2 protein chains.
Amino acid sequence: MNAIAEDLATALGAAKVATDAEALQARRHDYWALSHIRDLAGAGAPRPACIVRPAGAADVAEVLRIARERGVPVIPFGLGSGVVGGIVASPEAVVLDLGSVAAVRWIDEDNLLACFEAGIRGADAEDAVAARGLTIGHWPQSVALSSVGGWAATRASGQFSTGYGNIEDIVQAIEAVLPSGEVVTLGKGARASAGPDLRALFLGSEGTLGVITAVTLSLRRAPEARSLAAFAAADMDAGFAFQRRLIQAGWRPPVVRQYDARESRRHGGDSGASLLLLVHEGPAALVQAQAPAVAELAADSGLEARDGALVETWLAHRNDVPPWEAILSRHIVADTVEVSAGWTDIGKIYRDAVASLSEAPGCLVASAHSSHAYRSGLNLYFTFAFQTEGPAAMERVYLDAWRRIMEATIAHGGGVSHHHGIGRVRRPWLEAELGAGGLALLRRIKAALDPDGIMNPGVLLP
Amino acid sequence: MNAIAEDLATALGAAKVATDAEALQARRHDYWALSHIRDLAGAGAPRPACIVRPAGAADVAEVLRIARERGVPVIPFGLGSGVVGGIVASPEAVVLDLGSVAAVRWIDEDNLLACFEAGIRGADAEDAVAARGLTIGHWPQSVALSSVGGWAATRASGQFSTGYGNIEDIVQAIEAVLPSGEVVTLGKGARASAGPDLRALFLGSEGTLGVITAVTLSLRRAPEARSLAAFAAADMDAGFAFQRRLIQAGWRPPVVRQYDARESRRHGGDSGASLLLLVHEGPAALVQAQAPAVAELAADSGLEARDGALVETWLAHRNDVPPWEAILSRHIVADTVEVSAGWTDIGKIYRDAVASLSEAPGCLVASAHSSHAYRSGLNLYFTFAFQTEGPAAMERVYLDAWRRIMEATIAHGGGVSHHHGIGRVRRPWLEAELGAGGLALLRRIKAALDPDGIMNPGVLLP
């Protein structure tokens, strides 16, 4: 055992500190494609000094106290489903494995609230409330792989966000341990005007400002009715125009997805057209009014109705993701990149990014869909895949593909990240997002909360 | 001219700096009842050192630079409609009168965005977008008296919030000048996952962390249809139970208000009953479905329908407020106090606060209504009035009434401020809201952004 592991074992008990090779190996990094590419190239992330499995906030506070004393970095690890490099170990780092802090603390059926410890698997949290006829309504594709604390730490979105909001609209309270060791519980009522909303410091903090140990979520009652609808638009612009009318008219279907021609084929859409999939949910009278009104709006926008069964198929398979190994072993690099922009810019970003990816050598796939719509704009979720010459070339090709999407987004004033976060892969473009002043402000906040810089160094801040 | 005024006049031009008695007198404080009570008692707030009327962010940055050098406090002043003591001058302070920064920068009808300078009057901002068939959808009672920057700085709510959200749901971007003189523009897209949401630092900051100079708001298209509905509930609990069912079923009428028996009488309700006023708005098909479904839910909850014309009357008179002078000159102290709580606690807070106020000597009015409903709870908006023996007694009676409402709220786990902010009047209870750790965190943020403590000292932090 190394020195920091010994200190932690003395303080917390040996059962909570692991230094065996298997444990260290499994917590070196998250699901970021580049970490897997580097493993394949023989340049993978090192093992951390140790893994700590805290029992709760008190243990976390103790870990942070000891880490500060020793000047040792601490990397909070939820369930490892992050895809932007939020977790990459270093040999001196302590990985704080929050999978050990995963209880359902309470469910309040009257006030529609549930308090979860940070490491609970999203699907387990949803199951716990579903047993009472409730739903969290937050359905990231990673719901079976990601933790509730991770949702908060990355400012996640779910597939039903257009109606139900993103994680910041669902979080009622956050319990977090500051690098100082103080435990704070932020968020008292359904809404407050009591100084700046301090919960916002931890939503999206990606482990750099403290450790989220519990999250209270505002629930929904399971909807009374559901109706599915699919439409074909002549092209992406025609579909975007319909989405804009739909949202700006005041309708909010929980799910509104639009695939480009390439992705439409995979989801049963017409050849060459853009497929839209919608889910209406809510009180029966609302769904009965909304579904036909939206269908009429679609027809008036030049879209054609398609079989709602296409939505059933998507619902059944929406979280299927092929393992990296299957792709990388063929020396193909691939990833998904989500951005957002105003309605008037989103089509330009789509075209420019796909064109730029397509002209790069080895391009196999350059496609996109939208999945989260707002009054002022929507997101795009790009998928790229490139055939490379082998492990030595993969990192370069991968980073070049990312650069192409980021630059097309920034050129048209878009936001560089819709819901996966900054991690390591987007650090070069955070300044384009926040401006020099905003970045300086974030650094000042970081220095105020984590003066020793022990919290997840290398992430978020360039 | 005093020294700081001379420095500022040299830097900005004399036309932007006022030291005449009339200007100083008019900017000593905002609309807080206690400031008016103190004026009446001959112990009013002093005149500040000077009033600065900046032309924009560059002037504000220059004022903050000079104020930091001289160690002089700066008090950002919107339009002075605040009611919790966010503005009380001191003799050495510079009052930054943002009424001079009040342009409509641009309106984007495609992306439903409008950028306003901070000092623009809310009603003028609404008029500017209404001329294009759009609406901000933010209707505080003060809409004709308050500024858009003030809405952001206090985390304001409007009367249509149950459907349209509070100011944090409407703000897309904030331009602010930090005490360091840096100008930041925060908020790029409709939604982002790019580190903590730094806009949240300024929403609710009450002038203590910097100066908001412009705000971009996300607009709505004017709704296609509107329907008004009124109901009578046997008592407050019966009305709360109906509101809870309504919101938790997934309906979101923009306006849901519920008055206790005393306030119901003033709004044309039945004697002894609780009156509810609802506004449905949105696409015609939505309103046509929602209005009857909600009426059915009301009947099923034991409520009786009343004439929708009661809502018309409220709409016509909703922003009428008697001037303080008319009340205070009769040695009556009065105020409104808004709090929030979960559904299971709101009735207890209502009863305990009204009982506590009623048993205090001189109580003329102790009543409440709710006006903002959420899945997890709702707000209460108390009104109190006390007959006092004269100016010497008024401050004590006023503060005692506040204490009674705050203590009843805290005893049942409620939030101490729903939408007016902390200012000076709620400072003693901010720790109950944030916890000791949360308060320490806020102090750390304050020290990081405003190390010299020049920004609106005495406000927010106890």
Side-chain angles (χ1 to χ4, degrees), chain A residues 110-113 154-155 166 172 182-186 188-198 200-201 204-205 218 221 248-251 282-283 285-286 289 293 340-344 374-377 414-422 430 433 435 437-438 440-442 444-445 448 460, chain B residues 110-113 154-155 166 172 182-186 188-198 200-201 204-205 218 221 223 248-251 282-283 285-286 289 293 340-344 374-377 414-422 433 435 437-438 440-442 444-445 448 460:
Chain A
D110 295 314
N111 295 306
L112 294 188
L113 294 169
T154 58
R155 272 213 262 170
N166 299 297
Q172 165 109 352
E182 290 160 296
V183 181
V184 294
T185 303
L186 303 165
K188 200 163 182 79
R191 202 267 170 175
S193 168
D197 186 348
L198 299 173
L201 290 175
S205 60
S218 172
R221 300 202 182 280
Q248 292 188 348
W251 297 109
L286 171 65
S340 73
W343 291 107
T344 49
Y374 307 89
R375 293 200 298 282
S376 297
V416 299
S417 178
H418 180 268
H419 63 266
H420 284 163
I422 300 297
L430 185 61
E433 178 79 15
L441 176 57
L442 182 57
R444 217 169 300 158
I445 300 294
L460 190 56
Chain B
D110 296 316
N111 295 306
L112 294 188
L113 294 169
T154 58
R155 271 213 262 171
N166 299 298
Q172 165 109 352
E182 290 160 296
V183 181
V184 294
T185 303
L186 303 165
K188 201 164 181 79
R191 203 266 171 177
S193 168
D197 185 348
L198 299 174
L201 290 174
S205 60
S218 172
R221 300 201 183 280
Q248 293 187 349
W251 297 110
L286 171 65
S340 73
W343 291 106
T344 50
Y374 307 89
R375 292 199 299 283
S376 297
V416 299
S417 178
H418 180 269
H419 64 267
H420 283 163
I422 299 298
E433 178 78 16
L441 176 57
L442 182 56
R444 216 168 301 157
I445 300 295
L460 192 54

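Every chain is numbered from 1, with letters handed out A, B, ... down the list of sequences. Side-chain atoms are counted along with the backbone in the values below, which use heavy atoms only and exclude waters and symmetry mates. Bear in mind that the values here come from a model prediction, so they are computed numbers and not experimental data.
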Under 4.5 Å from any heavy atom of chain B - which part of Gln248(A): both

Which portion of Leu430(A) sits near chain B, non-hydrogen atoms under 4.5 angstrom: side chain

Between Ala192(A), Ala293(A), Ala448(A), the one whose heavy-atom pairs under 4.5 Å with chain B are most numerous: Ala192(A)

Structural part of Ala285(A) lying under 4.5 Å from a heavy atom of chain B: both

Top of Gly282(B), Ala200(B), Pro283(B) for chain A proximity - count of heavy-atom pairs under 4.5 angstrom: Pro283(B)

Over all atoms of both residues, closest heavy-atom pair of His419(B) and Arg191(A): CB-NH1, 3.5 Å

Pick from Ala440(B), Ala249(B), Pro223(B) with the largest number of heavy-atom pairs that fall under 4.5 Å of chain A: Ala249(B)

Side chain, backbone, both or neither of Leu201(A) within contact of chain B (heavy atoms, under 4.5 Å): both

Top of Leu112(A), Val184(A), Leu442(A), Ile422(A) for chain B proximity - count of heavy-atom pairs under 4.5 angstrom: Leu112(A)

Spatial distance of atom CG (Leu198(B)) from atom CD (Glu433(A)) [nearest 0.5 Å]: 10.0 Å

Side chain, backbone, both or neither of Ile445(A) within contact of chain B (heavy atoms, under 4.5 Å): side chain

Asp110(B) side chain to Trp343(A) backbone, donor-acceptor under 3.5 Å: no

When Ala341(B), Ser340(B), Gly435(B), Ala194(B) are compared by non-hydrogen pairs under 4.5 Å with chain A, the top option: Ala194(B)

Chain A interface, residue from Pro196(B), Gly437(B), Gly204(B) that has the most non-hydrogen pairs under 4.5 Å: Pro196(B)

Pairwise side-chain contact, Arg375(B) with Arg221(A), heavy-atom cut-off 4.5 Å (strictly under): no

Selection from Val416(A), Thr185(A), Leu113(A), Val183(A) maximising heavy-atom pairs under 4.5 Å formed with chain B: Leu113(A)

Best-contacting candidate, Gly189(B), Gly250(B), Gly415(B), against chain A by heavy atom pairs under 4.5 angstrom: Gly250(B)

Most chain A-contacting option - heavy-atom pairs closer than 4.5 Å, from Gly438(B), Gly342(B), Ser417(B), Ser205(B): Ser417(B)

Side chain to side chain donor-acceptor pair (under 3.5 Å) partners of Ser376(B), counting only residues at least two apart: Ser218(A)

Engaged part of Leu286(A) at the chain B interface, taking heavy atoms whose separation is under 4.5 Å: both

